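None of these values were measured; they are calculated from a predicted model. Computed from heavy atoms alone, side chains included, the values below leave out hydrogens, waters and symmetry copies. Labels below follow one simple rule: chain letters A, B, ... track the order of the sequence lines, proteins then strands, and each chain is numbered from 1.
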Amino acid sequence: MAIRVFLISLLFLSTTITTFSLYEDQVGLMDWHQQYIGKVKDAVFHTQKTGRKRVVVSTEENVIASLDLRHGEIFWRHVLGSNDAIDRIDIALGKYVITLSSEGSILRAWNLPDGQMVWESFLKGPNHSKSLLLVPTSLKVDKDNVIIVFGKGGLHAVSSIHGEILWQKDFAAESFEVQHVIQPLGSDIIYVVGFVGSSQFNVYQMNAKNGELLKHESAALSGGFSGEVSLVSSNTLVMLDSTGSTLITVNFHNGEINFQKTDISDLIKESLGMATILPSKLAGMFALKTTTFMIFIRVTDEGKLEVVDKINHVTAVSDALSFSEGQQAFALVEHYNNDIYLTVKLGQEWNSDLLKESIKLDDQRGLVHKVFINNYIRTDRSHGFRALIVMEDHSLLLLQQGEIVWCREDGLASVIDATTSELPVEKEGVSVAKVEENLFEWLKGHILKIKGTLMLASPEEVVNIQAMRLKSSEKSKMTRDHNGFRKLLIVLTKSGKVFALHTGDGRIVWSLLLNSLRKSETCENPTGLNLYQWRVPHHHAMDENPSVLVVGRCRSNSDAPGVLSFVDTYTGKELGSSSLVHSVVQVILLPFTDSNEQRLHLLIDAKQRAHLYPKNPEAVGIFQREFSNIYWYSVEADDGIIKGHVLKDNCIGEVSDEYCFETKEIWSIVFPLESEKIITTVTRKLNEVVHTQAKVIADQDVMYKYISKNLLFVVTVAPKATGGIGSATPEESWLVAYLIDSVTGRILHRMTHHGSHGPVHAVFSENWVVYHYFNLRAHRYEMSVIEIFDQSRADNKDVWKLVLGKHNLTSPISSYSRLEVITKSQSYFFTHSVKAIAVTSTAKGITSKQLLIGTVGDQVLALDKRFLDPRRSINPTQAEKEEGMIPLTDSLPIIPQSYVTHSLKVEGLRGIVTVPAKLESTALVFVYGVDLFFTRLAPSRTYDSLTEDFSYALLLMTIVALVVAIFVTWILSEKKELRDKWR
Amino acid sequence: MDKGKAVMGSGRRWAVDFTDNSAAPSSRDFPDPPGFSRVSQDQDDSTVTKQKKDAEANWKAQKAWEVAQAPFKNLLMMGFMMWMAGNTVHLFSIGITFSALWQPISALQGVGKVFEPYKDSKVDLIGPKLLFIALNLGGLALGIWKLNTLGLLPTHASDWVSSLPPAQEVEYSGGGIPLH
């Protein structure tokens, strides 16, 4: 019976719910997808025949990828989980890429040509340690190449063929901190060197075949050490002592440990300031970096130090690369203005440069952060070098023969925040648009299209039609369109670079490396926080360009001084920037603009003072008028307190000016720390448009939605259940959802889900909240919906009063007025775990809504809000059915066609941004993660426009044909009549 | 067509009237045929015309009542059609409803015209006219009732508030978890 009911309901659902899937030929018409990898941490070139044209990279976004050296395309790519950071990569046996990740606990081998995983082994150990990977070329145990891994406090030898651990040696007991694992070429001995504490130097000599400890030497180092330990040769180490003024050379040949100390001041006469040793592996040398220059120091066989060279402006040095018989080369990069100089030097002879090239870079890339070199043999049998450089903006460039072969904008893999901006209006004469094709081309295109619709086109023509549709110049124009589909997506990336992407084809219109978010003496470790629309001109100030505000902070702690930067979105130029004297913990957008259309922002600092921006008297005037109606609240998740504040008067003290206001606390909600911990808070989007306050339900009845921008949705969980699934039993885990008025601090609704826990993802729109959590008792994910209705308006049901306008429905409402709300809620099972939830937003808010769910599979699923309607019941009445209500089912359906991302994946999905288009039926959706994806959505189909592939030419031709036919028949009938009259 | 009209209409060239209604025998050149009594005819003459007029008036009144009752049939017919059309909004039901509304209105507009042929000093047309108007109003009511059953009349509160924008809020509040 149940099965039959299920089948019937399935049948019913499949007939009633319209799916919004695409046809195959519509892919790419209004969506685009871009793949990135993130900032490269490490790169390994492959030198053997199979992968000669490839480079394998690991990145800070935990991506391992194989790139084509000719074009920079991705051959294959794997995005490891966000908690599975890649420590080391290397190539073994010439066919496997070995990655060591998760702090040295997971070792994986990937097939080099196609990226398939060959084996995976888990290295267990008791404690954390530096993780090191060593892939010796000639070390064999039973005809099996061995990979030596130091991770989790132990040394492991792993078979490179099947990933089995051959032997293991624990160093955990001795609180030993490893620095290097060395295997001298051609021997069976492994040296493990490191420290116990900061002063006792230890060398373990081990048999590589079986892990047997051959010798253990230790010696006390009087001064201690600090920073990097550079391995100069297979038995010599160089390090700085703890004061940073003395270099210590350690020689541990044949089990004897010799220290040799050299004062830096003996080598260099000038004062250095703070010097650090670079981690680059150079043969017989090491590099010492100071704030202004870099010193290369050679270590002679006797352990003497000689300064080889002192170079200014050096920013990056590569590891040494052995390219022919015992020759070793390394690259260094210098900056002069906009040019960079790439020099490849031979390790043994300093003065001979193998290569010196100067390359012009565009000035929005910043400094070179890393360089990796690779050699190739030119046609004349000489050695050529190519260099892969990683820039400050996280982009990746390949340099060869003094030119940039390709460049990847991998900064876009780490988008922090995204917003949109309108494009310029199209003007006569100064159109930025591309030249339109001539009439003949246009006609030809349309005839082709007609052929396509009439199914007369040959296969080649079909391909042509598709290509034409994909690259139609219409969608990538640099001007505003009627439907509002063309916009600029402004994204802020982790590197402090702001990009403007065109929504039509996803190309980068401009990019800007913000100077205020670059490292400087006053601001050591700046990070970008958020992006706000500063100016959106529409009424007055039409000739002003729109601009965005970038808010940053100098250090990662919350009381660090803030940084503001204003960027013009048409030109991509920084209009101005300021480093603030106060910190920024909260940015509140006020619903007012000044006469220049600059939106008023309130920045709250760590001392709970509010600072008004823009700083002009007019803004203060506007602000003063609304002064008593502006509130703000702070959520202190660690203390479990939500506080409401009101503005008081101007600040007194060191930062006092007329734009600074003191605030005072007016209410607070304290959650008991032992039973509840705040994990999620959500509010409505500020720019969301709601069309109506009434919800018409079955039988023409009305319910009034409680629509307030000041509602705050808070979820708390039991502190025990914050550790993820499995950390608590169903009895000791619960989840409480609150709806709080953020003006008065009144709790409007409270609901407890027993046996449930986080992570919770929620979205708030109009008068409803949808949230997703895990139900421990049912062992399934659940989604719940809460809808809030205003009961105090419910008696507005007299038609005559409404006709005559005698009702209080449009009068302004205050949070302090008497409040009567009722809530309706319902829960459903949901199959997927979720990474992000968003909701579509349209220009007028008339179109029905869809939830956009970023699933764990890095796809975006569109789910009609109708499925999450708390009024759903198992047997809806006739009237409810007419209303379009879906019968209640215990779980939400996942319709494969309703994946917005169709067959694509947005790897590492982090956020979904929806923006209304001008066309009411359509919303624009931008999804970011490691990849970027953009598409248009029409939750109720495009009821207000013709479809993209509507053939205007066919319509035109039909009309012309009809008109011609009318004329011809008219003439004929006239003639006939005349003939009849003569008869 | 035009030719035919001309023949049938005003283009009558000559005519013979065989009836002789004249009462004075002196006006004739020849005596009346034997056995023909002109008196009887003369006697009846006035009464006959009177009778005739009465008959016509009666006939007109009857006709007027008939015309006045005509919308009743129409009403029944409309009712049947409406019943057939059902209660859902689609092209057919909307067409029927609007014709049901339009017909009475146009009929009411032309009340005078409809009763023009039956206008007579002796005939009392008020009764039929009132009936006609009443029946047409009935038809109109039927149409409106149908409109209502289709749900096209704004008789519910929902029809008046469904596009009411949300009320403005006096207070404004912002904030949240500190930026990180």
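Interface residue A:Y704: only side-chain heavy atoms are found under 4.5 Å from chain B. For A:N530, the part lying near chain B is the side chain, with the backbone staying farther off; criterion is any non-hydrogen pair under 4.5 Å. For a residue to count as touching a neighbouring chain, one of its non-hydrogen atoms must lie under 4.5 Å from one of that chain's; by this rule A:T744 does not touch chain B. Using a 4.5 Å cut-off between heavy atoms, A:I604 makes no contact with chain B at all. With a 4.5 Å cut-off on non-hydrogen atoms, A:S815 touches chain B through its backbone and its side chain both. Looking at A:L529, the atoms closer than 4.5 Å to chain B (heavy atoms on both sides) all sit in the side chain, from C-beta outward.
Between chain B and the residues A:Q586, A:R553, A:H645, the largest count of heavy-atom pairs under 4.5 Å involves A:Q586. With chain B as the partner, the residue from A:S742, A:A637, A:S634 showing the most heavy-atom pairs under 4.5 Å is A:S742. Considering only heavy-atom pairs separated by less than 4.5 Å from chain B, the leading option among A:S811, A:P812, A:S628 is A:P812. With chain B as the partner, the residue from A:I697, A:I813, A:V702 showing the most heavy-atom pairs under 4.5 Å is A:I813. Per-residue counts of heavy-atom pairs under 4.5 Å with chain A were compared for B:G176, B:P154, B:P178; the largest is that of B:G176. When the candidates A:V714, A:V551, A:V635, A:V587 are compared by the number of heavy-atom contacts under 4.5 Å with chain B, A:V635 comes out ahead. Among B:P165, B:S173, B:A167, the residue with the largest count of heavy-atom pairs under 4.5 Å with chain A is B:S173. When A:L712, A:D701, A:L590 are compared by the number of non-hydrogen pairs under 4.5 Å with chain B, A:L590 comes out ahead.
Side-chain contact between B:S93 and B:L150 is present, with heavy atoms from C-beta onward closer than 4.5 Å. Under the 4.5 Å side-chain criterion, counting only non-hydrogen atoms from C-beta, B:L179 is not in contact with A:V585.
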Using the side-chain hydrogen bond (donor to acceptor under 3.5 Å, both in side chains) rule, take A:S765 and A:E688 through it: C-alpha gap first, then chi angles, then the decisive distance, then the call.
CA-CA 8 Å; A:S765 168; A:E688 189 188 53; 2.4 Å; yes
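Counting only N and O atoms by type, the side chains of B:E171 and A:S814 include a donor and acceptor under 3.5 Å apart. Residues A:H761 and A:T680 bring no donor and acceptor atom of their side chains to less than 3.5 Å of each other.
At distances below 3.5 Å, not a single donor-acceptor pair connects side-chain atoms of A:E766 with backbone N or O atoms of A:V690.
A perpendicular orientation is assigned to the rings of A:F713 and A:F764, their planes being inclined by more than 60° (bins at 30° and 60°). Relative orientation of the A:H582 and A:H611 rings is parallel, given thresholds of 30° and 60° on the angle between their planes.
The pair B:E169-A:K709 does not meet the salt-bridge criterion, since no charged nitrogen lies less than 4.0 angstrom from a carboxylate oxygen.
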